[in-house]
Amino acid sequence: MALYSDKVMDHFRNPRNVGVIEDANGIGEVGNAKCGDIMKMYLKIENDVIEDVKFETFGCGSAIASSSMATEMIKGKPVSEAMQLTNKAVAEALDGLPDYKMHCSVLAEEAIKSALDDYEKRRQEEK
Amino acid sequence: MIYADNAATTKMSETAVKAMLEVINDNYGNPSSLYSIGQKAKEALEEARADIAGVIGAKPAEILFTSGGSEADNQAIISAAKTGEAAGKRHIISTKIEHHAVLHTLKKLEKEGFEVTLLEVNGDGLVTPEAVRDAIREDTCLVSVMYANNEIGTIEPIREIGAICREKKVPFHVDAVQAIGHIPVNVEEDNIDMLSSSAHKFHGPKGVGFLYVKKGIRLFNLIEGGAQEKGKRAGTENVPGIVAAAAALKEAVANMDKNAAYLTEKREKLIAGLKEISHSALNGHPVKRLPGNVNFCFEGIEGESLLLLLDDKGIQASSGSACTSGSLDPSHVLLAIGRVHDVAHGSLRLSIAEDITDADVDYIIKSVKEVVEYLRGFSPVWRDLVAGKSQFIL
Ligand SMILES: Cc1ncc(COP(=O)(O)O)c(C=O)c1O
Ligand SMILES: [Zn+2]
């Protein structure tokens with residue numbers, strides 16, 4: 001039995017949306033090196049739609065796969081919809097994660113929320 | 001495929017497989033039976049015991065077969081604790097870098113009221129004999145120190161520690177699971193009272209091990225039942241496994257010098273190659289280390305993803321990262337030698353065996369370099385380090 005599903009391994013081996021958005025208007029970083037997984041999300045939001053998203057991750061296979069899947073799930077979506085993303089949905093889209101790896105998918109949800117918060121804060125400041 | 005995780009387990013040697021099959025096919029009697037095929041099995045069992053005893057400088061009567069290293073560690077420690085308790089001694093000394101078979105047994109004893117001192121190690125993973133001497137008290141009933149560490153490969157000054165224990169009249173247990181069959185071990189010369197070993201670490205079968213117990217040291221049962229192993233370990237003996245273990249060990253010891261020289265050369269090549277990776281560091285002692293052990297930390301990356309990508313390249317290795325263990329903390333051994341969490345997560349252990357070639361070594365170095373570089377390429381930790389937003393540790 002493999003540790004991870006084929007879906008997880010696919011996203012781990014070929015992560016989508018890897019990298020940095022130089023002119024991102026929402027950036028979120030969660031996790032810490034102490035626990036072993038760190039995710040950074042870059043969002044480019046226009047007219048309340050996530051036009052582009054990129055990520056950087058320091059972490060295990062499921063952390064990288066969760067980041068990748070999460071970016072795919074919110075790309076092109078309205079901010080209100082992206083706000084609703086849950087780690088459960090990310091894990092399900094990956095055909096499941098081992099129980100003790102669920103915390104890695106929580107980080108993906110939190111990283112996106114953190115980036116959306118950052119976007120919201122910047123907007124408030126602009127006003 | 002390059003199997004470089006021999007500290008986790010080894011492939012059985014052909015000699016061991018052959019020995020095992022012979023017993024399974026032709027010598028399947030129960031050693032406790034009085035009829036001839038039972039007695040033939042008994043003979044094979046006792047021959048294996050004598051062979052193993054001979055190899056480590058013990059007497060056959062001092063060898064007790066177990067289900068492996070964990071059981072041997074448990075029985076040794078619990079026996080010494082019970083003996084100590086009867087004499088009013090409830091203090092045990094061990095180290096921070098022991099295997100969980102030792103540490104968890106000590107945890108259990110702590111809950112039962114024993115006091116446990118876990119000695120610190122230095123940056124190379126060495127325990128000093130002086131630290132052991134200083135820690136010994138009137139009520140110390142056991143000192144337990146591993147011969148060689150399973151993660152970082154550091155070989156401890158067992159003989160010197162043993163001499164101190166003899167002088168202070170404190171029983172000395174040694175978890176020699178990673179040492180037996182790989183480096184010279186002699187219970188007499190090394191002043192050892194109890195020693196644990198496991199066959200699957202020296203090309204023998206899994207689920208077989210032994211405990212050496214010096215004559216005069218009292219042993220208590222973990223498993224009750226029949227009178228096997230002089231009443232100290234119930235259960236029909238795993239004769240095929242035990243005979244195969246003895247065959248594997250004899251072979252390993254007969255070739256030890258040759259194997260150790262070969263592996264040390266390959267190990268040094270691997271270490272030299274991996275050192276070329278920037279912001280990396282060797283874990284464990286540079287010289288006092290197991291011939292086949294290489295352990296590195298690479299800053300800015302996480303170990304599990306490194307392992308998975310190496311597996312894709314046909315290289316099987318291991319890591320002390322939290323995410324490979326299912327806990328949130330990285331390896332207690334790496335933390336004990338002073339690696340902070342941030343870098344301890346990015347560790348790689350390669351434990352090589354005699355089948356490794358120069359081409360394999362070159363391929364491993366090339367592959368690790370590629371994967372580390374790739375993972376650093378999208379690591380936010382690495383980005384901050386390179387940008388000067390955080391300080392390099394390695
Ligand atoms: C140092 C050490 N002690 C004990 C053990 C446990 O041995 P076994 O797997 O035979 O129970 C191991 C193996 O993982 C080990 O490396
Ligand atoms: Zn993880």
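First the proteins, then the strands, lettered A, B, ... as listed; each starts at 1.
For Glu373(B), the CD atom sits in a loose shell: 12 or fewer heavy atoms of surrounding residues, nucleotides or ligands are nearer than 6.0 Å. No more than 12 heavy atoms of other residues, nucleotides or ligands sit less than 6.0 Å from atom CD of Gln391(B). Around CG of Asp23(A), the count of heavy atoms belonging to other residues, nucleotides or ligands within 6.0 Å exceeds 12.
A salt bridge between Lys101(A) and Glu304(B) is present, with a side-chain N of the basic residue lying under 4.0 Å from a carboxylate O of the acidic one.
Heavy-atom minimum distance, Gly59(A) versus Ser305(B): O-OG, 2.9 Å. Heavy-atom minimum distance, His345(B) versus Phe58(A): CB-CZ, 4.2 Å. The nearest pair of heavy atoms linking Tyr374(B) to Phe12(A) is OH-O, 4.4 Å.
Within the 4.5 angstrom heavy-atom criterion, no atom of Arg376(B) approaches chain A. When heavy atoms are compared at a cutoff of 4.5 Å, Leu309(B) approaches chain A by way of both its backbone and its side chain.
For the atom pair Leu308(B) CG and Met9(A) CE, the distance stands at 5.0 Å (nearest 0.5 Å). If you take SG on Cys60(A) and CG on Leu307(B), they are separated by 11.0 Å, rounding to the nearest 0.5 Å.
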Verdict with reasoning, Glu302(B) to Ile64(A), per side chain to side chain contact (heavy atoms under 4.5 Å, CB included): CA-CA 11 Å; Glu302(B) 191 279 334; Ile64(A) 292 173; over 6 Å; no

